[in-house]
Amino acid sequence: MQEKVLNKLDELENDMIKSLCDICRIPAISPHNNGTGEEAKAHEIEKIINNLGLGSVEWQLVPDSESQTGNRPSIFLNYPGKISRRLCFLTHIDIVPEGDKSAWSIDPFAPVVKGTRIYGRGVSDNGMSLIASIFALKAIHDLHITPEFTVNLGFVADEEMGSKFGIIPLIERGLFNPDDLIVVPDSGNDAGDFIEIAEKSDLKMQFTVLGKQVHAALPHTGINACRVANMLAHEIDEALHENFTQTNPIFSPEFSTFEPTRRFQNVPNTNTVPGRERFEFDCRILPEVSLDEVIALVKKICSDIERRTHAKIELEFSRGDSAPVTSPDSDVAKLLTKSIKQVLGINPVTGGIGGGTFAAYFRRRNIPAVVWSQECDGVAHQPDEFTEIKYLVNNAKVFALMMLG
């Protein structure tokens, strides 16, 4: 039976390629990122599912005043299995913008096949796994096989912007059960040998330094917000790295990261001392490190620099504390491990990452969740984003074997 399913998926390769290209022609960018949202792409996914004869989808709408339709859509397909326990594959509909279009060699929203690859925005993140989950079920359906588990395919909004209009309210609505087997195929590597079971805490900090703007020829009459910001960023960078040196080998990298990332424009001309400067830090912090202690240290440095420079410093931050680790011995981790071995012939390892997925929201509800896909390293969010066609097929094969139990 398994061999028949795997062979069927090889036969469906061209259909998978076409469907991936079809959905990636639609720029499902958040309305909070100057896009039009997921509505059109959700309808295209629904059309694909209907044409494949897999059943009807259920729409879940989350109100969003910024959306053209007033809401953000997620859609779900339930397919009955031998038992009622659900195996859920949750991918996201939304994508990031194309960025600098001149850096692309193709139109980002006109996917093309070149050799063994498909190019286009969203083909890797998260279109490949989305289509793979649909066709994994298609192969089983066409062979008239009843899956072991009730299969739930979810196509969710707003992952790229924090899930406020996606998985967070959907979990709060009670759409998921404590015994669900949750698979989030939204991170991976070329080998397909890594299963993510843990994520670091996420802390984003924005600093606004308020000085006094003056002519650059008379700096002593003002307070140079640019200089104060440089001092502040340097001292925070050094202090965080000196005080939080813990390591944890489950993660890669195994230490916390504290990165100054973004500077905003201040004055438009060179001969003005700026009175306002704004910059940001992105921090991915090990679970054993207290975010409260990190924030307290940052606030102390801000107060000290205010005292020394007479500038004012405003701090805004958003935090996402790390979720419990999914056990490598959980049912979903063992089922995924077995299927990867059967398809790829490798023994995957489990570990943690610094990036964030919506698996964390399930872990916080004590619902074990795993993150896995075989995908190209380092192409997500980049110009000329691509996926290997064989990864598309391999993911579908792994998902199908999981469905068979």
Side-chain angles (χ1 to χ4, degrees), residues 30-35 64-66 96-97 99 158 160-165 168 199-246 255-287 289-322 354-356 360 381:
S30 169
H32 298 267
N33 209 356
N34 301 315
D64 181 1
S65 60
E66 296 296 318
V96 296
D158 197 39
E160 296 289 3
M161 296 290 287
S163 295
K164 179 181 177 181
F165 303 100
I168 294 175
E199 295 171 10
K200 295 177 182 178
S201 297
D202 180 18
L203 178 64
K204 291 181 171 56
M205 299 184 290
Q206 183 177 108
F207 302 85
T208 303
V209 177
L210 301 174
K212 181 181 178 183
Q213 180 175 313
V214 295
H215 195 289
L218 301 168
H220 60 288
T221 64
I223 300 175
N224 191 326
C226 182
R227 177 177 288 115
V228 176
N230 290 343
M231 182 190 310
L232 177 63
H234 176 71
E235 293 191 17
I236 287 174
D237 194 7
E238 281 199 338
L240 292 177
H241 283 94
E242 289 174 0
N243 285 273
F244 302 105
T245 59
Q246 298 92 327
F255 46 84
S256 299
T257 59
F258 307 99
E259 293 300 307
T261 54
R262 190 179 184 191
R263 294 294 288 258
F264 294 80
Q265 181 178 344
N266 47 33
V267 292
N269 52 301
T270 306
N271 61 341
T272 296
V273 169
R276 187 173 189 271
E277 188 83 14
R278 193 156 51 110
F279 66 93
E280 294 179 346
F281 265 65
D282 182 294
C283 308
R284 310 301 172 104
I285 302 171
L286 293 176
V289 175
S290 166
L291 291 192
D292 290 335
E293 291 182 10
V294 172
I295 293 168
L297 177 59
V298 169
K299 287 182 176 179
K300 181 178 181 301
I301 295 170
C302 289
S303 295
D304 183 54
I305 290 183
E306 281 184 327
R307 177 183 55 80
R308 286 151 48 195
T309 65
H310 305 292
K312 298 296 182 184
I313 299 171
E314 297 175 352
L315 169 62
E316 298 178 36
F317 61 87
S318 63
R319 61 186 286 174
D321 292 69
S322 61
H381 299 199

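Throughout, residue positions are numbered sequentially from 1 according to the sequence presented. Side chains are part of it too, since the values below use all heavy atoms of this structure and drop only hydrogens, waters and symmetry mates.
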Restricting to side chain to side chain donor-acceptor pair (under 3.5 Å), what partner residues turn up for R262, sequence neighbours left out? none
Separation between CD1 of I223 and NZ of K312, rounded to the nearest 0.5 Å: 9.0 Å
Taking only residues two or more places apart in sequence, or in another chain, which ones meet H215 in a ring pair (Phe, Tyr, Trp, His ring centres under 6.0 Å)? none
Residues at least two apart in sequence or cross-chain that pass ring pair (Phe, Tyr, Trp, His ring centres under 6.0 Å) with F279, listed by chain then number, are F207
side-chain contact (heavy atoms from CB on, under 4.5 Å) against H381, all qualifying residues, sequence neighbours excluded: V96, D125, E160
Nearest heavy atoms of I285 and S256, plus distance in Å: CA-OG, 3.6 Å
If you take all heavy atoms of G275 and A225, which pair is closest and at what distance? C-CB, 3.5 Å
Go through the steps to decide whether V294 and F244 satisfy the test side chain to side chain contact (heavy atoms under 4.5 Å, CB included), and finish with yes or no. CA-CA 8 Å; V294 172; F244 302 105; 3.8 Å; yes
Can you tell me how far apart CG (L203) and OG1 (T257) are? Round to the nearest 0.5 Å. 10.5 Å
Any idea which heavy atoms bring N271 and N269 closest together, and the distance? OD1-ND2, 2.6 Å
How would you list all residue pairs meeting salt bridge (Lys or Arg N to Asp or Glu O under 4.0 Å) that involve residues 199-224, not counting sequence neighbours? E199-R363, D202-K204, D202-R284, K204-D282
Taking atom CD of E238 and atom CD1 of I301, what is their separation to the nearest 0.5 Å? 9.5 Å
Kindly determine whether I295 and V298 satisfy side chain to side chain contact (heavy atoms under 4.5 Å, CB included), including the steps that lead there. CA-CA 5 Å; I295 293 168; V298 169; 5.6 Å; no
For residues N230 and R263, determine if any side-chain heavy atom of one lies less than 4.5 Å from a side-chain heavy atom of the other. yes
Residues forming a ring pair (Phe, Tyr, Trp, His ring centres under 6.0 Å) with F255, sequence neighbours excluded: none
Drop me the distance from H310's NE2 to L210's CG, to the nearest 0.5 angstrom. 15.5 Å
Qualifying residues under side chain to side chain donor-acceptor pair (under 3.5 Å), relative to N266, sequence neighbours excluded: E277
Measuring only between side-chain heavy atoms, which start at C-beta, is N224 closer than 4.5 Å to P274? yes
How would you list, by chain and number, every residue that makes a side-chain contact (heavy atoms from CB on, under 4.5 Å) with T309, sequence neighbours excluded? V228, M231, I305, A311
Is there a donor-acceptor contact under 3.5 Å linking the side chains of H32 and D158? no
With sequence neighbours excluded, what pairs up with R308 under the side chain to side chain donor-acceptor pair (under 3.5 Å) test? E235, D304
Return the set of residues passing side-chain contact (heavy atoms from CB on, under 4.5 Å) with Q206 (not counting sequence neighbours), or none when no residue passes. T208, F264, R278, E280, E316
Hits for side-chain contact (heavy atoms from CB on, under 4.5 Å) against D292, two or more places apart or cross-chain, chain-then-number order -> S290, R319
Identify, with sequence neighbours excluded, every residue that meets side chain to side chain donor-acceptor pair (under 3.5 Å) alongside N33. none
Are the side chains of V289 and S201 in contact, using a 4.5 Å heavy-atom criterion? no
Using the rule given for side chain to side chain contact (heavy atoms under 4.5 Å, CB included), can you reason through L315 versus M205, listing the C-alpha separation, both sets of side-chain angles and the distance that settles it, and then say yes or no? CA-CA 7 Å; L315 169 62; M205 299 184 290; 4.1 Å; yes
Taking atom types as modelled, find out whether H241 and D237 have a side-chain donor-acceptor pair closer than 3.5 angstrom. yes
